[in-house]
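Below you'll find the structure, written out as structure tokens, and then a few comments.
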Amino acid sequence: MESNEVKATSEMSDNELLAAVKSGDEDAFSEIVTRHKNGLTNYLYRMLSDYEEAVDLAQESFVRVYFALERYRADHAFSTYLYRIATNLAISEIRRRKRRKLFSLTGFYDSGEGESQDLDVADTAPDPGARLTSEERSKVLERAIVSLPERYRAPVVLRDVQELSYEQVAEVLGLGLGTTKSRISRGRAMLREKLERYMR
Amino acid sequence: MKREDMELEEPASDLVSGLSAMPKVQAPMGFEARVRARISEKRGRSPFRFRVVPAFASVALVLVIAGLFLVGRRDRVEEVAEVSQSFPRVESSSDQKPAKEASVPSDKSPVVREVGRADRADGLIVRDEGAKSAPVVDAGTATGGRETGDSVRPRPATLGAAEYLAGLGASITLKGGQLTVGAVAPGSASERSGLQVGDVIVAVDGIAFTAGTVLQADFRGRVLQVRRPGEAKLLLLPIK
């Protein structure tokens, strides 16, 4: 490609697109949104287990990115910047719900962690001996994730659902790599514990 | 994968695989349009214009400020023409001396004297009684000034500062209490004398030149004392 040829927006990197947005290219921002909307919506859905809320926060994340463009520096990957905004929004929503006590899961709070809830779906549980279908397994997992304390939920979802690297997860959460791995490990352990109790 | 990562992954591999295999939800149709609409709502503008209006608003603001500035300057220049009328009259010392006339004996040949500065300073006019006098034309004289035959040259009119300089082909603005030359007409007495735009007229013949100064409308031979930007000393500009 010659240096003076104009790149199609679909061929531009995220940072190139953002530079174009700063110059007033509206199509470049649309491309950014198109590129990341599904991953972001999925992440927020796994964090909140509420599709409408996930869509709303995903849109809000892009709006905030737009208005913070002047301050954005292309030191890191744009996706980690976007996920950081989304994570903060999700955590705010989680805390807001907690204050309003809108959790659908019943149970008691684990005072040791301060935030965890038991996964209580015994009333609708199938025969424990029966093999779960993949759909049922996903639903169980989904509920298990939502029952995790927020400090473990985000790292697990980012790593295991969104499949970000450990370094990227650390960057999104603003944590050290060791702390990030520790939380992922602890989160997985809690999930496993909940699933095992569910399966008993 | 690093060893520590492998150790982290192995015990939970079944769980991890289950998590990664969860169906991925997608954003709904019209997601991008909704994002644009939210951006526009936040900006308080119609959709699809992310950055155009602020740029136009900035340009419009600059034009409005420039227009106000120019209108203000024009009003100030017009104000100068009224300065001499509105200020209390402060008569210069030369006004107090009426023009004197001295006669020359007729048996002597007509004396042609170059009227010098000294003569004019006290209003003395030297003329030959028998000779016809050429009419004296004073630029900017409001009343009289033309001599006829043996008649005494009438006293020149008095002019305020703006009118005085207008007679010399210069216009002044009152800036910071100082009379600053705003324009010099080509070919005028001001231009011949070396007066320049931006000069501040400090005195005329040593008499402080203010907005309230009133002078006789006889320009020739007088000397303007001028402060010119960039010059350390006052300049003396004889009116030519």
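Quick note: numbers below take in every heavy atom, side chains included, and nothing from hydrogens, waters or symmetry partners. Each chain gets a letter, A, B and so on, in the order its sequence line appears, and its residues count up from 1.
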Next on the checklist: Main chain of A:Glu171, side chain of A:Arg84: is a donor-acceptor contact present, judged purely on distance under 3.5 Å?
Outcome noted: yes
Next on the checklist: For chain B, which candidate among A:Glu142, A:Lys37, A:Gln162, A:Lys139 shows the most heavy-atom pairs at distances under 4.5 Å?
Outcome noted: A:Lys37
Checklist entry - Below 4.5 Å, heavy atoms only, C-beta onward: do A:Leu173 and A:Leu158 meet side chain to side chain? => result yes
Next on the checklist: Using the rule given for side-chain hydrogen bond (donor to acceptor under 3.5 Å, both in side chains), can you reason through B:Glu32 versus A:Ser30, listing the C-alpha separation, both sets of side-chain angles and the distance that settles it, and then say yes or no?
Outcome noted: CA-CA 6 Å; B:Glu32 292 91 331; A:Ser30 294; over 6 Å; no
Next on the checklist: One thing to verify: whether A:Arg35 and A:Glu31 come together as a salt bridge, which I'm taking to mean a side-chain N less than 4.0 angstrom from a carboxylate O.
Outcome noted: yes
Checklist outcome for this item: When the 4.5 angstrom heavy-atom criterion is applied to A:Val157 and chain B, the contacting part is neither
Checklist outcome for this item: Of A:Val33, A:Leu141, A:Val161, the largest count of non-hydrogen pairs under 4.5 angstrom with chain B goes to A:Leu141
Checklist outcome for this item: Applying a strict 4.5 Å limit to non-hydrogen atoms, the region of A:Tyr43 in contact with chain B is neither
Item to check | Under 4.5 Å from a heavy atom of chain B, the part of A:Gln59 involved | outcome: both
Next on the checklist: Given heavy-atom pairs under 4.5 angstrom as the criterion, report whether the side chain, backbone, both or neither of A:Ile145 touches chain B.
Outcome noted: side chain
Checklist entry - Is there a donor-acceptor pair under 3.5 Å between the side chain of B:Glu191 and the backbone N or O of B:Val184? => result no
